Amino acid sequence: MLEVPDPEALTGAALAHIEADEFMPDEERGHAESAVREDESEALAYLVDPTDLVVDIPGVELAQASWSSEPVEYDPESMEWDLGEEDGDYEEETTDNA
């Protein structure tokens, strides 16, 4: 889980990154800027290279990466996570038996 407390800063950084990419074709640049303005996960995708996240882990090779986002209510005190149907309808509950 990733919290984005300042979505405008994230979007601004992604737009600056896109603008600075001298190898990106103009047609792709326009699409990228539009996508970044509409979705924070797109902004994150332009700033974070998934390969960099796993490159130093022995025995791991990144085959594919994707990003998605949705607003959620996060309660750090809650021990119950319902990931929903899309993620296999997995639910974990922890109880304290002390």
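On a predicted model such as this, the values are computed, not experimentally measured, just so you know.
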Is L47 reachable from V4 through a run of hydrophobic residues whose side-chain heavy atoms are each under 4.5 Å from the next?
yes
According to a 4.5 Å side-chain heavy-atom criterion applied to Ile, Leu, Val, Met, Phe, Trp and Tyr, with indirect links allowed, do L62 and V60 form part of one hydrophobic cluster?
yes
Between atom [atom1] of [X] and atom [atom2] of [Y], what is the distance when rounded to the nearest 0.5 Å?
X	Y	atom1	atom2	result
E42	R37	CD	CZ	13.0 Å
D56	D52	CG	CG	9.0 Å
D26	H31	CG	NE2	14.5 Å

Residues 8-17, side-chain donor-acceptor partners within the protein, below 3.5 Å, at least two apart:
| residue | atom | partner | partner atom | Å |
| --- | --- | --- | --- | --- |
| T11 | OG1 | P7 | O | 3.0 |
| H17 | NE2 | Y46 | O | 3.1 |

So which atom in R29 and which in M24 form the shortest heavy-atom distance, rounded to 0.1 Å?
NH2-O, 2.8 Å
